[in-house]
Amino acid sequence: MKNADLSAFSSLLMAWNRNFNRRAMPWKGIKDPYKIWMSEIILQQTRVDQGEKYYTDFIASYPTISQLANANEEDVFRKWQGLGYYNRCRNMIVTAKFIHTENDAIFPDDYDSILALKGVGEYTAAAISSFAFNLPYAVVDGNVVRVLSRVFSLHASYFDATGKKAIQALAQTLIDKKEPGKYNQAIMDLGATICKPQQPDCSSCPLTLICQARLTDSIASFPIKKERKPLKERPFHFLVFHTTSTIYLTKRSGNDIWKDLHTFYCIETEKLTQKLLPDFINTRELNKPLVLTQILSHQKITGYFYLIPLQTATSLKSLNLISVKKTAINKIAFPKLILSFFENNQYL
DNA sequence: AAACCGGGGTT
DNA sequence: AACCCAGGTTT
């Protein structure tokens, strides 16, 4: 690529940002690293539109990192409910507690310390460093990859190691060293509002005259995409034990989907057989299950919900279930599929 | 390096 | 149905 284009890129972008960029978001321009961190964690792999109300709710409920650190964890997960990638929520809690107890509730102010926080990778560390502390670290998110890939017709893929390094190095070359926060915000805003994945608005783009993909009419070829793998099928058989007043749940653990969220007693199997069931249940006694499916990015969940009313809970002892009053399930955090089940079972 | 982790909007 | 979103951690 030409050096002239490298220097033109940033000045054209910053001029567009000053004169035309009217994108507004609740966290834009804020300097409080806690709030910036919160917004960035929420926005990981999440569209701005989807994350906004969660951000507003979290900041209103927990105005400071110490209030988040001292919050009831189930309440925090409950607020995160529906956002997905629940590891983000647990890491957020871990980091809030860490900063509150180990760092006098003071958010770290250098890149390496920020990067060391749980749930913070290179993108998020660069975002916090530049937005809160005006440090010159270039963000590389999906927007940046797309803009740079098109403007410089990068045939490197961000989804292999060398391509990733090349794109990060280019991004770092281009950043405005005096106003890194504004620059990072501007390139992401451009990607989100002009240089969109589909049907980019090239006629409004400040870079249209130096955009190599545009000049060679090959915008659709950039950026290089990641190959998609087929969905993994997950058949979940849920035994919904309940008495008139109580329902029985389990908290998911391990490194699997929905960690730390609650579901019903779950047996993952293609075909539910007698020996997979607890001793006191007979396959013939099971009613026809309610079947609900949910498509996720990487797997297809099919939930088979078997309602199992009980007179007493004595037979459940060995299953280590959590008993919850039916009137209190609104205090518990569930994945979407379980919420869908509740919506289909008002009589529970 | 590759696998894994949700949910949803847009086209 | 495909694409992809202000990515990060674990194996």
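Each chain gets a letter, A, B and so on, in the order the sequences are listed, and its residues count up from 1.
Looking at heavy-atom distances under 4.0 Å, A:E52 makes no contact with the nucleic acid at all. Within 4.0 Å (heavy atoms only), A:L83 reaches at least one base atom of the nucleic acid. A:T124 comes within 4.0 angstrom of the backbone, heavy atoms only, and of no base. Across all strands shown, A:K118 has heavy atoms under 4.0 Å from sugar-phosphate atoms exclusively, and none from any base. In this structure, A:D256 reaches the sugar-phosphate backbone alone: every heavy-atom distance under 4.0 Å involves primed, P, OP1 or OP2 atoms, never a base. Using a 4.0 Å heavy-atom cutoff across all strands shown, A:M25 reaches at least one base atom of the nucleic acid. Residue contacts for A:W80: at a heavy-atom cut-off of 4.0 Å it reaches no nucleic acid atom on any strand shown. Across all strands, A:A192 comes closer than 4.0 Å to no nucleic acid atom at all (heavy-atom distances). Across all strands shown, A:V144 has no heavy atoms under 4.0 Å from either base or sugar-phosphate atoms. Residue-level contact check: A:K225 touches the backbone only, with heavy atoms under 4.0 Å from sugar-phosphate atoms and none from bases. Counting any heavy atom pair closer than 4.0 Å across all strands shown, A:V48 reaches sugar-phosphate atoms only and no base atom.
Look at the P atom in both C:dA6 and B:dT10: the space between them is 12 Å, to the nearest Å. Look at the C1' atom in both B:dG6 and C:dC3: the space between them is 16 Å, to the nearest Å.
Along DNA chain C, the nucleotide nearest A:P197 and the nucleotide nearest A:L115 are compared for position; the residue whose nucleotide lies closer to the 5' end is A:P197. Remark on DNA chain C: of its neighbouring residues A:N255 and A:E122, the 5'-side contact belongs to A:E122, judged by nearest-heavy-atom nucleotide. Sequence order on DNA chain B of the closest nucleotides to A:G82 and A:Q198 puts A:G82 first from the 5' end. Annotation: of the two residues near DNA chain B, A:K229 and A:Q294, the 5′-most nearest-nucleotide partner is A:K229.
We find that CG of A:L117 is positioned 14 Å from C1' of C:dT9, with the value rounded to whole Å. Distance CZ (A:R90) to C1' (C:dT9): 10 Å, rounded to an integer number of Å. A straight line from CD1 of A:I167 to C1' of C:dG7 spans 15 Å, rounded to a whole angstrom. If you take CZ of A:R146 and P of C:dC4, they are 9 Å apart, rounded to a whole angstrom. Distance OH (A:Y85) to P (C:dC4): 14 Å, rounded to an integer number of Å. Whole-Å rounding puts the A:K226 NZ to C:dC3 P distance at 13 Å. The separation between A:H298 atom NE2 and C:dG7 atom P is 13 Å, rounded to whole Å. C:dC4 atom C1' lies 14 Å from atom CG of A:D49, rounded to whole Å.
Side chain A:Q50 to base C:dA6: no donor-acceptor pair is found below 3.5 Å.
Looking at residues two or more places apart in sequence or on another chain, you find a salt bridge (charged side-chain N to carboxylate O under 4.0 Å, His left out) between A:R90 and A:D260. Taking A:W16 as the reference, nothing meets the ring-ring contact (aromatic ring centres under 6.0 Å, His included) condition, with sequence neighbours excluded.
For A:K326 and A:H242, the side-chain atoms include at least one donor-acceptor pair closer than 3.5 Å. A:S218 and A:T216 share a donor-acceptor pair across their side chains, judged by distance under 3.5 Å alone. Looking only at atom types and distance, the side chain of A:T64 has a donor-acceptor partner in the side chain of A:Q67 under 3.5 Å away. No side-chain N or O of A:Y86 forms a donor-acceptor pair with one of A:Q81 less than 3.5 Å apart.
Between A:Y306 and A:F264, the gap from one ring centroid to the other reaches at least 6.0 Å.
With a 4.5 Å cut-off on side-chain heavy atoms, A:Y85 and A:N87 do not count as touching. For the pair A:Q212/A:F222, no side-chain contact is recorded, criterion being any heavy-atom separation below 4.5 Å from C-beta on.
Counting 5' to 3', DNA chain B first comes under 4.0 angstrom of a heavy atom of chain A and last does so at the ends given by B:dA1 to B:dG9.
An OP1 or OP2 oxygen of C:dG7 is reached within less than 4.0 angstrom by no side-chain nitrogen or oxygen of A:Q44.
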